[in-house]
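Structure first, then comments.
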Amino acid sequence: MSVVSLGYLVVGSTDIQRWRQFGADQVGFMVKDGPDGALWLRIDDRPFRFLIVPSASNGLLSSGWELVDEAAFETCIAALEAHGHAVTRAPAATAASRCANGVATLRDPAGNQVELFHGRFRDYQPFVSPQGVSGFVTGDMGLGHVVLSALNLDETEAFYKQFLGFGNSDEMHLQVSPNPADPRLVIKFMHCDNPRHHSLALAAMPVTAGAVHAMVEARSLQDVGCALDRCVAAGSRIASALGCHSNDQMVSFYVTTPAGFDLEFGCMGLQPDWSTWVPTRSLVSDIWGHQWAPPPTA
Ligand SMILES: [Fe+2]
């Protein structure tokens, strides 16, 4: 049974106040205090898309993948369990904290925490950005995308295809070492049951903050440029300058979040017709731009 979208991300934080400032003042999300010290970051008509929870460390804790209904949710769990995957049905309180009717958790083969859910709550409040962002491209396409670490790339890719219904969109084979004899970094881009070019990417590289990056797609280039200006003015680390990716044609910049992983803030992402799409292999990551900053010093 296919996942329909990336519904939410759960992020651990040692300093919720930093997320409050980053979310509201820099990237223009609505912020609201949730239960148990959590912070809700809202980018559309859902109560939140980013759930920031108090934690002893910073980083992505889990990715919430939406099944269309309870029957699809149960079918997905049954298939996982039939193949020996340990799935835990979350207590009602945990499901309520995700604003969902039902949540189940498990680890993908790379160790990333996966949350499956169905029946998302809605409060019918409009999204009004505190910074004038015109809006984000979400709806049936979910919050955006997330890029996770998977050193066991083939096994993890197969897991998402077999059990969660993902399909291949593109794979990048990138020369990241100055020595051309070194192996290329491989990144697999995968779509679920919506038109977004990819809701998930798996990178064969280690990470320290639970994710390589997450992406939100604003409605206009003006939104992206203004967000970049705000992040620069606030002194945030701009991990990558503005650029346009080769595969999904996203025009974006990357800012390092208080969690330590980057947020890609983009617009104009490709929405392929999956009935005719031929998965591609990209040998370069960008059409233009996306100059990366040096790695942060510890
Ligand atoms: Fe991205």
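Numbering of ligands and ligand atoms starts at 1, following listing order. Given the structure is predicted, the values throughout are model-derived calculations rather than measurements.
Under 2.8 Å from the Fe ion (ligand 1) lies no N/O/S atom of H198, from backbone or side chain alike. The Fe ion (ligand 1) has an N, O or S atom of E264 under 2.8 Å away, backbone or side chain.
Between the side chains of S2 and D193, no donor N or O sits under 3.5 Å from an acceptor N or O. A side-chain N or O of H213 and one of E264 form a donor-acceptor pair less than 3.5 Å apart. Defined by atom type and a distance below 3.5 Å, a donor-acceptor pair is present between the side-chain atoms of E115 and Y8.
Remark: K188 does not engage D170 in a salt bridge, criterion side-chain N to carboxylate O under 4.0 Å.
Within H213, the N, O or S atom lying nearest to the Fe ion (ligand 1) carries the name NE2.
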